[in-house]
Amino acid sequence: MKIGVFGSECKEDKLHVIKGLFEKLRGLDTEIYMQSSFYDFLKETFNYSPQKSGIIKDDMSDLDVALSVGGDGTFLRTALHIDKQNIPVLGINTGRLGFLADIGSDQIDETLEELLRGDYKIEERTLLRLYTEEHAFSGFNYALNEIAILKRDTSSMITIHTFLNDDYLTSYRADGLVVATPTGSTAYSMSVNGPILLPQNRNFILSPVAPHSLNVRPIVIPDDYTITLKVESRTNSFLVSLDGRSEDLPEGIVLKIDKADFKALLIKRFNQTFYQTLREKLMWGADLRS
């Protein structure tokens, strides 16, 4: 099996987990291909050079799976690197919360053994696409978690005129608006009181950020809708953020958001469910008094 390993900078206390991961991969007789920046970081920072078969290039079509080593941010960057190449991703969590990177350090060995046996399931996750006629957003215009429209560093709110399939919905006067996928419902959207959706839901969420009117609430819409946004700002500009990748856009740019024509592929263990992840990560049912 050809495995691509992606990662990000980490603290020294996580090094033993990373070393254990590579030792297990070598013991399973896999071909290991590494993201160049991750390999360079381990070598230069910790003087650790994992044995590898090669460095990952732009064309990754020969990889069987990708491992994302880090937190959810690393997972999102891994999905960005993979682009549309239909490579399933397994998230190894060396970060904190970890809804996407949900394999803990104590689960690595058995999870990799299951992976080599083909004993796993693949979940398809919907992505968002951002479109502007002017191609104003210069980066990768897809997002797995959310697309956020935000005010710049100013106390003034922005006004976001919002249309669903060209029908006017409302004008949000707020610090911003988060358009989230079901996968992103446990990310930025949840932090602004958006609802949690199951990954299989065919919906998007519109969650305002600090709205001026208290009666403005998040709304769930079908994922085959096209969302059109027109932004007014006293600074004549605003921020657009796709999974944390932000760019400053001028007022007057019309944003169109719809469902991407491809899916992200996530590797999950058979004994692991989204409900279990919710209970563990959000500590549902935990008695904090004990």
Side-chain angles (χ1 to χ4, degrees), residues 1-116 120 122 125 127 139-140 142-145 183 187 241-246 264-269:
M1 179 178 283
K2 295 182 178 180
I3 296 179
V5 182
F6 296 78
S8 56
E9 296 183 4
C10 64
K11 296 183 179 180
E12 190 173 3
D13 62 350
K14 302 297 182 182
L15 183 58
H16 74 284
V17 177
I18 295 171
K19 286 183 175 180
L21 169 66
F22 282 105
E23 290 172 4
K24 185 65 178 180
L25 287 174
R26 288 196 302 272
L28 293 172
D29 195 26
T30 59
E31 292 185 39
I32 304 171
Y33 293 83
M34 288 194 66
Q35 180 187 24
S36 59
S37 60
F38 187 41
Y39 179 81
D40 292 343
F41 168 76
L42 293 176
K43 182 178 180 180
E44 295 169 7
T45 306
F46 302 122
N47 195 28
Y48 174 58
S49 302
Q51 293 182 17
K52 64 185 187 311
S53 300
I55 293 294
I56 295 170
K57 307 295 184 182
D58 291 337
D59 182 9
M60 295 174 276
S61 57
D62 59 341
L63 292 181
D64 295 305
V65 299
L67 299 185
S68 172
V69 185
D72 284 355
T74 305
F75 192 101
L76 292 171
R77 287 189 290 274
T78 301
L80 171 64
H81 281 288
I82 289 174
D83 197 349
K84 303 179 182 181
Q85 298 186 64
N86 290 322
I87 300 170
V89 184
L90 175 68
I92 306 294
N93 185 20
T94 61
R96 295 180 181 177
L97 198 57
F99 278 95
L100 294 170
D102 54 2
I103 301 300
S105 58
D106 59 338
Q107 301 173 309
I108 290 177
D109 286 0
E110 57 184 337
T111 302
L112 292 179
E113 291 171 3
E114 293 169 355
L115 185 67
L116 269 291
Y120 60 87
I122 293 179
R125 299 292 181 90
L127 291 93
F140 185 64
Y142 295 91
L144 177 58
N145 268 353
T183 300
S241 175
L242 279 69
D243 287 345
R245 295 171 283 115
S246 300
L265 305 179
L266 277 61
I267 294 175
K268 297 293 181 182
R269 303 179 69 189

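Each residue takes its place number in the sequence, starting with 1.
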A.B. asks: To the nearest 0.5 Å, what is the distance between CD1 (I103) and CD (E114)?
C.D. replies: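 One finds 8.0 Å between CD1 of I103 and CD of E114.
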
A.B. asks: List the steps and the verdict of side chain to side chain contact (heavy atoms under 4.5 Å, CB included) for Y39 and S49.
C.D. replies: CA-CA 7 Å; Y39 179 81; S49 302; 3.5 Å; yes

A.B. asks: Side chain of D243, backbone of N145: donor and acceptor closer than 3.5 Å?
C.D. replies: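 Checking the backbone N and O of N145 against the side chain of D243, a donor-acceptor pair under 3.5 Å is found.
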
A.B. asks: Between OG of S105 and CG of L21, what distance do you get to the nearest 0.5 Å?
C.D. replies: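 Answer rounded to 0.5 Å: 11.0 Å.
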
A.B. asks: Out of curiosity, D40 CG to M34 CE, how far, rounded to the nearest 0.5 Å?
C.D. replies: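 That separation rounds to 9.0 Å.
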
A.B. asks: What pair of heavy atoms forms the shortest contact from M1 to L115, and how long is it?
C.D. replies: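 For M1 versus L115, the nearest heavy atoms are CE-O, 3.6 Å.
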
A.B. asks: Report yes if some heavy atom in the side chain of E31 is under 4.5 Å from a heavy atom in the side chain of D62; otherwise report no.
C.D. replies: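 No, their side chains stay 4.5 Å or more apart.
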
A.B. asks: Taking D64 for its side chain and I3 for its backbone only, find out whether a donor-acceptor pair lies under 3.5 Å.
C.D. replies: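 No, because the side chain of D64 does not come within donor-acceptor range (under 3.5 Å) of the backbone of I3.
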
A.B. asks: Within the supplied structure, the quantity of interest is the number of heavy atoms (other residues, nucleotides, ligands) at a distance under 6.0 Å from D106 CG; does it exceed 12?
C.D. replies: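 Result for CG/D106: enclosed.
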
A.B. asks: Are F75 and L144 close enough, and set up right, to give a side chain to side chain contact (heavy atoms under 4.5 Å, CB included), and what steps lead you there?
C.D. replies: CA-CA 10 Å; F75 192 101; L144 177 58; 4.2 Å; yes

A.B. asks: Are L90 and Y120 side-chain neighbours, meaning at least one heavy-atom pair lies under 4.5 Å?
C.D. replies: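 Side-chain contact under 4.5 Å: no.
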
A.B. asks: Under a 4.5 Å cut-off applied to non-hydrogen side-chain atoms, are R26 and I32 in contact?
C.D. replies: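 In short, these two side chains touch, coming nearer than 4.5 Å.
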
A.B. asks: So, Q85 side chain and D58 main chain: donor-acceptor pair closer than 3.5 Å or not?
C.D. replies: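 Here the side-chain-to-backbone pair exists.
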
A.B. asks: Looking at S36 and I55, what are the two nearest heavy atoms and their distance?
C.D. replies: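 That would be CB-CG2, 3.7 Å.
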
A.B. asks: What heavy-atom pair brings D59 and S61 nearest, and what distance separates the two atoms?
C.D. replies: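 Looking at all heavy atoms of both residues, the shortest contact is OD1-OG, 2.9 Å.
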
A.B. asks: Side chain to side chain contact (heavy atoms under 4.5 Å, CB included), that's the test. Do L112 and L67 meet it? Break it down for me.
C.D. replies: CA-CA 10 Å; L112 292 179; L67 299 185; 4.1 Å; yes

A.B. asks: Are the side chains of Q107 and N93 in contact, using a 4.5 Å heavy-atom criterion?
C.D. replies: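 Contact flag for N93/Q107 side chains = no.
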
A.B. asks: Are F140 and L242 packed together at the side-chain level, in the sense that at least one heavy-atom pair is separated by less than 4.5 angstrom?
C.D. replies: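 When only atoms from C-beta onward are counted, L242 and F140 do not touch, as no gap falls below 4.5 Å.
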
A.B. asks: Hey, what do you get for CG (L266) to CD1 (I122), rounding to the nearest 0.5 Å?
C.D. replies: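 So the gap between those two atoms works out to 9.5 Å.
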
A.B. asks: Heavy-atom distance under 4.5 Å between the side chains of V69 and T94, does that happen here?
C.D. replies: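 Yes - at least one pair of side-chain heavy atoms lies under 4.5 Å apart.
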
A.B. asks: For A66 versus F6, what's the shortest heavy-atom pair and its separation?
C.D. replies: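 Closest heavy-atom pair between A66 and F6: CB-CE1, 3.8 Å.
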
A.B. asks: How long is the straight-line distance from CD of Q35 back to CZ of R77, given to the nearest 0.5 Å?
C.D. replies: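 R77 atom CZ to Q35 atom CD measures 9.0 Å (nearest 0.5 Å).
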
A.B. asks: How long is the gap from CD1 on I18 to CD1 on I92, to the nearest 0.5 Å?
C.D. replies: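 Taking CD1 in I18 and CD1 in I92, the distance rounds to 11.0 Å.
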
A.B. asks: In the structure I gave you, are the side-chain heavy atoms of T78 and I82 within less than 4.5 Å of one another anywhere?
C.D. replies: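 In short, these two side chains touch, coming nearer than 4.5 Å.
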
A.B. asks: Can a donor-acceptor pair be found, under 3.5 Å and without considering hydrogens, that links the side chain of D72 to the backbone of A101?
C.D. replies: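 Side chain of D72 to backbone of A101: a pair is present.
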
A.B. asks: Does the gap between the ring centers of F41 and F46 come in under 6.0 Å?
C.D. replies: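 Ring centres of F46 and F41 closer than 6.0 Å.
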
A.B. asks: Can you give me the closest heavy-atom contact between V89 and S68, atom names plus distance?
C.D. replies: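 Closest heavy-atom pair between V89 and S68: CG1-CB, 4.1 Å.
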
A.B. asks: Counting only heavy atoms not in D13, do more than 12 sit closer than 6.0 Å to its CG atom?
C.D. replies: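 Yes, because the 6.0 Å sphere around CG of D13 holds more than 12 heavy atoms from other groups.
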
A.B. asks: Quick check against the 3.5 Å criterion: does T30 have a side-chain atom that pairs as donor or acceptor with the backbone of L25?
C.D. replies: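 It does hold such a pair.
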
A.B. asks: Heavy atoms, side chains only, cut-off 4.5 Å: are R245 and L80 in contact?
C.D. replies: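 When only atoms from C-beta onward are counted, L80 and R245 do touch, with a gap below 4.5 Å.
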
A.B. asks: Checking side chain to side chain contact (heavy atoms under 4.5 Å, CB included) for the pair Y33/M60: CA distance, chi angles, key distance, verdict?
C.D. replies: CA-CA 10 Å; Y33 293 83; M60 295 174 276; over 6 Å; no

A.B. asks: Which atom names give the shortest non-hydrogen contact between I56 and G4, and what distance separates them?
C.D. replies: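 Of all heavy-atom pairs spanning I56 and G4, the closest is CD1-CA, 3.9 Å.
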
